[in-house]
Amino acid sequence: MRAVVLALTVALVVPEFALDKTYVYKYEALLLGGLPHEGLARAGIKVSSKVLLSAMTEHTFLMKLMDPLLHEYAGIWPKDPFVPATKLTSALAAQLQIPIKFEYANGVVGKVFAPAGVSPTVMNLHRGILNILQLNLKKTQNIYELQEAGVQGVCRTHYVINEDPKANHIIVTKSKDLSHCQEKIIKDIGLAYTERCAECTERVKSLIETATYNYIMKPAAAGVLIAEATVEEVHQFSPLNEIHGAAMMEAKQTLAFVEIEKTPVVPIKADYLARGSLQYEFATEILQTPIQLMKLSDAPAQIIEVLKHLVANNVAMVHDDAPLKFVQLIQLLRVATLENIEAIWAQFKDKPVYRRWLLDALPAVGTPVIVKLLKEKFLAGEFTIPEFIQALVVALQMVTADLETIQLTASLALHEKIATIPALREVVMLGYGSMIAKHCVAVPTCPAELLGPIHEIAAEAISKNDIPEITLALKVLGNAGHPASLKPIMKLLPGLRTAATSLPLRIQVDAILALRNIAKKEPKLVQPVALQLVLDRALHPEVRMVACIVLFETKPSVALISSLAGALKLETNMHVASFAYSHIKSLTRITAPDMAAVAGAANVAIKLMSRKLDRLSFRFSRALQLDFYYTPLMVGAAGSAYMINDAATILPRAVVAKARAYLAGAAADVLEIGVRTEGLQEALLQSPAADESVDRITKIKRTLRALANWKALPTNQPLASAYIKLFGQEVAFVNVDKTVIEEAIPIVTGPKPRELLKAALKALQEGIALQYAKPLLMAEVRRILPTAIGVPMELSLYTAAVAVASVNVQATITPPLPEEIETMTLEQLKKTDVQLQAEARPSIALQTFAVMGVNTALIQAAVMARGTIRTITPGKVAARADILKGNYKMEALPVEVPEHIADVSFETLAVVRNIEEPTAERIVPLVPELAVQNAQTPSSEIPDQAALRSATPFHKTLCLAVPYIEIKGCIEVHSHNAAFIRDDPLFYIIGQHSARASVARAEGPAVERLELEVQVGPRAAERLLKQISLIDEETPEGKAFLLKLREILETEDKNVRVSSESSSSSSRIISSSSSSSMSSSRMTETATVMEPFRKFHKDRVTTKNCFNNNIVFLSSAINPAMFLGNAVPPVFAVIARAVRVDHKLLGYQLAAYFDKQNARVQLVVSSIAENDNLKICADGAVLSKHKVTARVAWGPECQQYAVIAKAEAGVLGEFPAARLEVEWERLPIIVTTYAKKLSKHIPMAAFKAGFRLERVSNADKEIELTAALPSQRSLNVIARIPEMTLSRMDIPLPIAVPINPDGTLSIQIDEDILSWIQKHIKEE
């Protein structure tokens, strides 16, 4: 026998089954999902059966299952047992026991045959058994690797063949790397617009899939016999960058030989149809959501039942299960036929509430049936244009992009009715491009013929010079992103084709932008094209800068970026140089893993470029990229902003902003918005305003006249355009041209707005009661892949939300408005008293499900993370406006609030349910409370600290009562997790977490209402609830205040006297304080900093006159009354108070006073409580044309704390400047404490911002900020704070500041221009 075994290891023969025998095996398979730790819950299924194999011919066999039994599991592993699914087994017994036929030769399974009565799900279970028999054994090698077909596709497989002489058998080990397959069986839904971020998962793969097969083969008379086979397959998924923080699906199979029988397996009397090969066949799980299992008996009736439930239970406020019911409605619509949906639409289309729910649900269904329905109903006139556009935009993004749907969309785009509505045709065409993009993701070998109609449209538009049609075709090609479109697009690129040079600039730009999605697939094809455009100095700067954007999105190499940097050293156009430099510099700071190579290349390239480009002002074109990436959680966000100008720019030519997101090893361009003003730019540049030889004022006059003369613009030239992209796909764009303006003006100025206003006011007086509900399927992301046992596993994320608002508004207008509102005069309006009462009850319910497990139409077994958010924020207000009396009042009235106004929860569960007992589902928390409470002794690998921290659930309630209004708010938090097992982020997440917020009445007298009242005019003093009075200036406190002001003025006077001396003394101060650490150039700069601040020449007076004038002014401004209320009545008063049942006054009042003669304003805020003398006083005065001052004091009688601020304009050295001084007398301790802590970080912040810092002894209670303008486009900043002085010179400004050296403005608008504008408005 030993000789036989040794021979087999050299020339192993494949398993064979004799023609006259039936081989009986015992088969068991289980599939479990959860975390790989005992004591936590798992969910799964188990299949056990006898397997009978019998040969019909040499290469054709029959397989039959005997005594099959299905088990389900949802419990604590490994303590809880599997539970037999008796009813499900009985329902499937007949199918399971039907023999199937398969081809088998040389250990390879061929075609599979079965009667029509065997469902795809049962057929896949048979494939799981046949997959064990798949053995590609080579006769000359013991260790080898190949691509082997199996249930999951054709994947990399490694074979190792060994002998066991003692046991007289051969051991065959087969391992499969399911992550590397030539043909992988997988179904992705909702991932078409995402990009795989391979660099994000270099350390830990998000999804790791592997399988190991072990065979024990014994010699037999006919060759060898499979005595035993075991299979272990693992699918490990982790959304985090943690080796141990991963959930897993584990599949196990055993096939053990029992005996040989003489009775052959007999096929049933039915036609055996070809059912494919060994590869998995997708069944109805594509239409089946993994979060609920429904038994479909009568789809139309079930749809109507769910629809009525949603309508009836989401009126006043949202129902708790509304999001789940909405998903259920979508699921039912997916399995309904076109005739079923048409009948439901016909039944409910005339009922507004039902119609809205259907219009929100139908686009999310995502089946070709829905696109066909939308098309038919629109052509039949049953949809309005806004309804159809809204539904179509969503439907084309959600629908499965197969050839049938693509052809259907193409026919819709070419329909004559669609062609007559430009906005609608644009939506359909853009959707057509998006569908081709999705189809090519699912089928990488998608044919270029799909774009044939678009290429034809583009060619015809080019021949006719139809600019709008060329634009639309380019945007469609950009959405599709097919490499076959590169050649048609290049015909429109400037510099590459001479014909493109004659096309408008916007066409050239659109052609370049159309390369972006192609660049993601074929960067090497786009890079040379983009680089050539960037470096072609004959092209328009905007074209070159847009090409730069495309170039960097291809993730160029270090050599390419360095070549670009070297070429830009000789660049003559400063806008292009600034844009490229800022783009490269911003890339050096990128931390996202997929851009790490580009960031490294940018760091090299930036050293080759001139540093002078870093000092260009913001009036030059700029690119900015910022990002944040947190590696442990594999989440991140990035933002890009591009501002494109040129040398003749009056406004930015283009502004583009884009947001990008990273999650679990995937990346997506979430949102992009772009605005271009090319037509407006050209109109302005063609006007006399573009003449650089004229002065600024003349330019402004000419620009205003050019803007007003829009009627002279050509009709076919857009003034501006904008677009929006979602997930890299352009979904809408708009061009604003002369025609749009001409159509908009009558709408705004015509009779329709007046009619709408009249209808709205009439409805308000009659009362408005509105209930509105808006559901939304926010996310549906799924990945379905088969397991070894033939059962599909699914990773999915669902998010659905429903918002409901109930609004009641009632208005009373006295006297009633005239019938013709447009005849109402201003005097009549002033005599109107308007009272308004409104009550609103908005509520939102959101549910999110993350699922990993088995999802079939027969059984579901999965681990699930479920998050819910529910908010209800009712409010009731009353408002009154008495225009004649100048009284305006708003009241917040009591309203009934639910027990919890906000409820947030997150829990992880193990769930199992089957179709025969859909209501008997079993749900087990993934981290049971008992396990947490009993986790007192950590294992050897668990840190003690983690066990102590997480051994018991956390529960806490925090309450805060709001004083005066007697309202108490509470937040209740509950949490327990599995961190006692391992100190990893995932184990902190799993478990149960919840937070609830509630608002209730606190102890004390009830509050009837909250009031906010504003009284304007002479009656303001009457509305004050408490007399305002301040300490009189004749008192010692008042005299002390005047004395303090005099001291300030005397100090200022001394500074003016020594201004000439300070220049010479400053150099001595500088040299003594900084000679050891600063160069001579730095000292010169400091000398400039130390120059005195002087008034403008025309405002300078003698020292004596200056001092006396200020004293006289302050005396007249403050005396005879420091408190203006003693001399003038308040201009207006504001009272905010709580009205309680005990009539106790609580709240605050504000009074504003204005002394016009002395240009002085005073605001006094005081408490209206009886024994509360807390006040806030703000006093401001204009001291001269270039100086203002203000004092803010607060505390009892405004005497506890005070801050004085002074702002003035003048000259620093020879430059116009402004200075702000802030001085405080006393400040709260908390302010000074935090200010001291903050001051420790100032040096580092100043260094990063490019400021120079000097340690000097400045005033302890004063901050001084001075800004000077050496030129109209640069700024010097000097800040003096206690203990240090900060300065920075020549800060570039994005725009010119129109201030002359003498302080006058160099800009003004003449009266003729203003009168011309007013006249033009009246004419329109």
Side-chain angles (χ1 to χ4, degrees), residues 120 187-193 281-294 296 298-304 306-307 325-346 348-349 357-379 382-383 387-413 427-428 431-432 434-439 441-443 729 775-784 792 794 796 798 800 855-857:
K187 182 71 69 174
D188 284 340
I189 299 172
L191 292 169
Y193 301 140
E281 176 188 359
F282 284 102
T284 56
E285 61 267 21
I286 297 174
L287 303 176
Q288 172 71 44
T289 62
I291 57 179
Q292 54 189 343
L293 189 61
M294 292 182 294
L296 298 175
D298 184 357
Q302 290 174 288
I303 291 172
I304 293 173
V306 174
L307 185 60
K325 281 289 182 181
F326 182 63
V327 175
Q328 187 177 341
L329 176 63
I330 293 171
Q331 181 178 340
L332 289 168
L333 288 168
R334 283 175 178 168
V335 299
T337 63
L338 178 60
E339 292 74 17
N340 295 151
I341 300 175
E342 283 180 335
I344 293 170
W345 173 257
F348 295 106
K349 66 179 181 180
W357 277 97
L358 283 173
L359 285 173
D360 287 327
L362 288 172
V365 172
T367 60
V369 170
I370 298 302
V371 179
K372 191 177 297 183
L373 174 77
L374 294 175
K375 175 184 175 181
E376 292 178 359
K377 297 306 174 186
F378 174 73
L379 297 179
E382 297 184 21
F383 290 149
E387 285 177 341
F388 186 56
I389 291 177
Q390 175 189 337
L392 199 64
V393 167
V394 179
L396 292 180
Q397 300 300 324
M398 295 289 292
V399 71
T400 303
D402 53 23
L403 293 177
E404 177 191 357
T405 315
I406 292 174
Q407 292 172 359
L408 180 62
T409 309
S411 66
L412 185 62
V427 169
V428 178
Y432 180 76
S434 299
M435 291 186 66
I436 293 175
K438 288 196 295 181
H439 179 68
V441 170
V443 184
Q729 296 293 302
L776 180 64
L777 181 61
M778 301 174 67
E780 183 181 19
V781 179
R782 305 172 67 187
R783 169 163 287 181
I784 307 170
E794 179 170 334
S796 58
Y798 278 82
N855 175 34
T856 69

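Quick caveat: nothing in here was measured; it's all calculated off a predicted structure.
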Would a 4.5 Å heavy-atom cut-off, applied to side chains only, mark P792 and N855 as touching? no
Kindly indicate whether the side chain of L392, heavy atoms from C-beta on, has any atom under 4.5 Å from the side chain of K375. no
Evaluate side chain to side chain contact (heavy atoms under 4.5 Å, CB included) for I370 paired with M398, printing each intermediate quantity in order. CA-CA 10 Å; I370 298 302; M398 295 289 292; over 6 Å; no
Spacing of NZ belonging to K377 relative to CG belonging to L359, to within rounding of 0.5 Å: 12.5 Å
Mind running side chain to side chain contact (heavy atoms under 4.5 Å, CB included) on D360 and Q390 for me, showing each step along the way? CA-CA 9 Å; D360 287 327; Q390 175 189 337; 3.7 Å; yes
Nearest heavy-atom pair of V441 and A192: which atoms, and what distance? CG2-O, 3.6 Å
Could you label the plane-to-plane angle of the F388 and F383 rings as parallel, tilted or perpendicular, counting under 30° as parallel and over 60° as perpendicular? parallel
Side-chain heavy atoms of L191 within contact of V781, under 4.5 Å: yes
Could you tell me the separation between the OG atom of S796 and the CD1 atom of I291, rounded to the nearest 0.5 Å? 8.0 Å
Is the count of non-hydrogen atoms from other residues, nucleotides or ligands lying under 6.0 Å from K372 atom NZ greater than 12? no
Taking all non-hydrogen atoms of both residues into account, name the closest pair between I286 and K187 and its distance. CD1-CE, 3.8 Å
Search all heavy atoms of L777 against all heavy atoms of Y798 and return the closest pair with its distance. CD1-CD2, 4.5 Å
Salt-bridge criterion met for E780 and R334 (N-O under 4.0 Å): yes
Can you check side chain to side chain contact (heavy atoms under 4.5 Å, CB included) on T337 and V369, steps first, answer last? CA-CA 7 Å; T337 63; V369 170; over 6 Å; no
Step-by-step side chain to side chain contact (heavy atoms under 4.5 Å, CB included) determination, L307 to L358: CA-CA 8 Å; L307 185 60; L358 283 173; 4.1 Å; yes
How far does CG of L296 sit from CD of Q288, to the nearest 0.5 angstrom? 7.5 Å
If only atom types and distance count, is the side chain of S434 paired as donor or acceptor with the main-chain N or O of Q397 below 3.5 Å? no
Kindly compute the distance separating OH (Y432) from CG (L396), expressed to the nearest 0.5 Å. 12.0 Å
Which pair of non-hydrogen atoms, one from L293 and one from A857, has the smallest distance, and what is that distance? CD1-O, 3.8 Å
Can you confirm whether N340 sits close enough to I303 that some side-chain heavy atom of one is under 4.5 Å from a side-chain heavy atom of the other? no
Can you find a pair of side-chain heavy atoms, one from Q328 and one from T289, that are under 4.5 Å apart? no
Within-4.5 Å side-chain heavy-atom neighbours: L362 and I341: yes
Closest non-hydrogen contact found for A401 with M435 is CB-O, 3.3 Å
Shortest non-hydrogen separation from D402 to P368 and the atoms involved: OD2-CG, 4.1 Å
State, with a plain yes or no, whether a side-chain heavy atom of T405 is found less than 4.5 Å away from one of T400. no
So CD of Q331 and CD of Q302: to nearest 0.5 Å the spacing works out to 10.0 Å
Nearest 0.5 angstrom please: T367 OG1 to I330 CD1, how far? 11.0 Å
